[in-house]
Structure formats: C-alpha cells, structure tokens
Amino acid sequence: MKTKSSLAIFFGLAMSLNSPLFAQPKKANHDESLVKMGELPPLLKNADGSSVKPNEWAEHRENLVKTLAENQFGFSPQESCALSFEKVESGLMNEGETLREQYVVTLRTDHAELAINLAVFLPAKKSKVGGFLGLNFQGNHAVDPDPALRIPVSWMRENPNAGVVDHKATEKGRGVERDRWPIREINQRGFFVATVYYGDIDPDFDDGFQNGVHALFPNHRSDDAHTNRWGSIGGWAWGLSRIMDVLIQNPAIDSERVAVVGHSRLGKTALWAGATDPRFSLVISNNSGCGGAAIERRNFGETVAIINKAFPHWFCRNFRQFNERETELPHDAHTLVATIAPRPVYISSATKDEWADPKGEYLSGYYASEVYRLLGYKGLESETKPDPGKSVGDRVGYHIREGAHDILLEDWDHFMNFASRHWQ
Ligand code: GTR
C-alpha cells in the first residue's frame, strides 16, 4: 500500500485544523445590535412541503425529536437495562411537615452496575401529590441541612466549571444548595420534590464515556465512528427517565403530575428529558441557555462552538459540525421547546445571566407557541419579553427574575403557580 506523502499529510492536517471542528471559537457577542438571527427552521412543515395538521403532530413530534437526537443530543441506547430499587431510609423533617424517603436505585446490564441515590420529599399529611423531579449539582445532602440525607460516593467538583475531579463529597457540603431547593415551601404548597445528584448518573467530565450510565452500554459509546450517540446530557436525561420509572411506583405520588425541572446544564437536560419522555407532564427550564432554550442562531452569549469546546462530552459529536455554523442547524431551540407540546412548558431567565441569552430563551418559547396554537392552546403571544418578576404566557410560560444565574424561591413560586394552574 502506498503511503501518503508528508506534504499531503501536512495539507490534510492544515485543512482539518482550519475546519470549524478545530477552530478556536469566536468570542461571545453581548451586543444586541449585532444579532442577525435570520430565519428559523419551520416547526410545522412536512417533508413534502405541506403543513402539519393537528392530528399529525404526534408523529411529526417524533421526527423532530429524532432530528434533535441526530444533530445535538445523540441517541440513547435501545438495549435493555434491569432496574431495581430499595428504600434505605425514611423519616420526618421540617418539624414534621416533610416526609423524607431515600432510595438506592440500581441499574444493571451484562456489562456493569450503577447505584443512584434518590431523595424524595413529600408533604407529610397529603397523599397522591404531584411535584417536581430535578437533578442537583452537589449531592442530595447539599439540598438541605437535614443530617439524615446521604452523602454521594461518586466524584464531585469544587467548581462545576473546572476541568478536574476534585474530591468526594463530605459533611462540608451539607445544605450548601438549600437556597436552590426550598423543600419546605414546595411541600407546604402540596407538591413533592425528588432529586438525584447528577454525578451519580454520569460524572461531568470528558473521560471518553467510561463511567456512569455510559459504562452500562459499552457498545453504545460515542466516538468518531458513532457521531450521533448520547453524551452526558443524553445520559442525565435518560437517568431522569429511570428515576421516573421508580417514582410512578410510589403510591404517595400522582404519576400523571410529575414535572421535570432543571437549572443551567441541568435545564438543558430537563428539556431533553421532557422531549424524550412524555411521562413528564410538565417541563421547566431555568437559565438553560445555549444548547437549551436559547436560540442558537442569535449567537448571543455562549455559542455552539464555545460550549462544544468547553464541554466536549455534553452533546453528540454531530453537534460540533455547527460550530460557528448555527444557520445550518436543521433545528433550533424553538424546536426543542416545541417537542414538549401539547404538554405545558415553562422557561425562566435571570436579568444578569447574559451568558444564557435571556432574550433568546424567551424567543424559543415564543416561536414554539405556534405549535401550541395549532393544538388549540395559547403560549407566549407577545414577541417582547416581560418585565422582571412578571410571569406571562399560558401553556408556554415565562418569567425573568432580577438577579444572577441561579434558581431561587422566587423562580419556584412561578413554577408552582404554573403547575397549579395546569394540574387543577
Ligand atoms: C456554564 C456553561 C453553561 C451552563 C452553566 C452551568 O459554564 O457555559 O452552558 O450550563 O455552565 O451549567 O452552570
């Protein structure tokens, strides 16, 4: 066999380094006057150019989910996985107002076994309640200072954006995320909260998918030859569905009223979990930004190129083709939001969270509302986002909170109002 000349190799390498897959991402734009969004891909067009009719939505939705899997999130494995769970602890907290239940959920394939810790907080004096399932960033023991909450044994980072695995969680982390998880207030309004540390499902670093849920399916690893397979966000979303398998068996929970909620990267995850698992009857994305609710074509704040460089393990490899080529994406964030239809979907932003592009987050809900209208509902009807603190919309809801990138009681109050309205 003839080998390539070194010149050909040099040019080949230079060409590929020049390609958008390897180029240094351009700096983020924060100037609204420079935004050129252009046209968004249509949400309601059939392949033959005709318009999707209401009775065709269910099938069309499936196709949109496939487009999103192929080009952004990757497909999850189809192989089966055994699931079992055990209640390992329960007790009262919040002066008897909250019933705490802790489970170990075990996933098993021929290749590996994975233990995931689930904490459920129920209003102690109510039964068959609806509520919220969301992943947490720092361990179940971080969501509340309650001493009974179990500390994760999977790895943890001091700073979730740092590249290194820092430590195993310790007592020091107890309650550090309590402001993000107002459990007592949520229970007082009659809802449950269920949470899992996201690192239990898949540790958040680029290790070639050796650990977490990826180890359960070694024949379904994302690599150069398999560019449409799941990344970590796909893994976290799939994990949320496995937790849903458990929650629907809990007699205290109304399985028809389980919302999936998430903040930031976990907001992207909540949207994808909602898109792929219709058992989530309501979906909430908080400050999810690029790769979540923010329209990619706006190129405002974080971009596809920036996110793929910083977090190469979050999406499927095909997503990298759209680095600095957002206009070539066959979908955009409004597609992701629309796949939740006809279920209620809520998007929230924060005024100081420019990185996540609040206007782009609003607009995905606004454009997705076209689908809700087709199905006989109202979504976000104004092209302009509301003033801070005000919640707007009907089946698609939105608010922007004054302040920084975070998820706080003020946000939860809006989520709970939205859920009450739709779950009546
Ligand atoms: C940032 C990332 C965002 C967002 C955030 C988070 O570094 O650029 O897309 O997901 O992390 O999850 O906290």
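Ligands are counted one by one from 1 in listed order, and the atoms in each one are counted from 1 as well.
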Exercise. Taking only residues two or more places apart in sequence, or in another chain, which ones meet T276 in a side-chain contact (heavy atoms from CB on, under 4.5 Å)?
Worked result: V65, W272
Exercise. Is ligand 1 less than 4.0 angstrom away from at least one heavy atom of H405?
Worked result: yes
Exercise. Quick one: which ligand 1 atoms are inside 4.0 Å of a heavy atom on W355?
Worked result: 2 (C), 8 (O)
For this session: Please identify which atoms of ligand 1 are closer than 4.0 Å to at least one heavy atom of I307.
Result: 9 (O)
Exercise. H263 and D411: side-chain donor and acceptor closer than 3.5 Å?
Worked result: no
Problem set entry | Ligand-side contact atoms (ligand 1) for residue partner S264, heavy atom cut-off under 4.0 Å | 4 (C), 5 (C), 6 (C), 10 (O), 12 (O), 13 (O)
For this session: Would you please indicate if the ring centroids of H399 and Y346 are separated by under 6.0 Å?
Result: yes
For this session: With sequence neighbours left out, write down each residue that passes side-chain hydrogen bond (donor to acceptor under 3.5 Å, both in side chains) with N219, or none if nothing qualifies.
Result: none
For this session: Identify, by atom number and element, the atoms of ligand 1 in contact range of W314, meaning under 4.0 Å from any of its heavy atoms.
Result: 9 (O), 10 (O)
Exercise. With distance as the sole criterion, is a donor-acceptor pair present between the side chains of N63 and H60 under 3.5 Å?
Worked result: no
Problem set entry | For R265, the ligand 1 atoms whose distance to one of its heavy atoms is below 4.0 Å | 5 (C), 6 (C), 10 (O), 11 (O), 12 (O), 13 (O)
For this session: Could you list which atoms of ligand 1 come closer than 4.0 Å to a heavy atom of F311?
Result: 2 (C), 7 (O), 8 (O)
Problem set entry | F415/F132 aromatic ring centres below 6.0 Å | no
Seminar exercise, completed: Under 4.0 Å from one or more heavy atoms of K268, ligand 1 contributes atoms 3 (C), 4 (C), 9 (O), 10 (O)
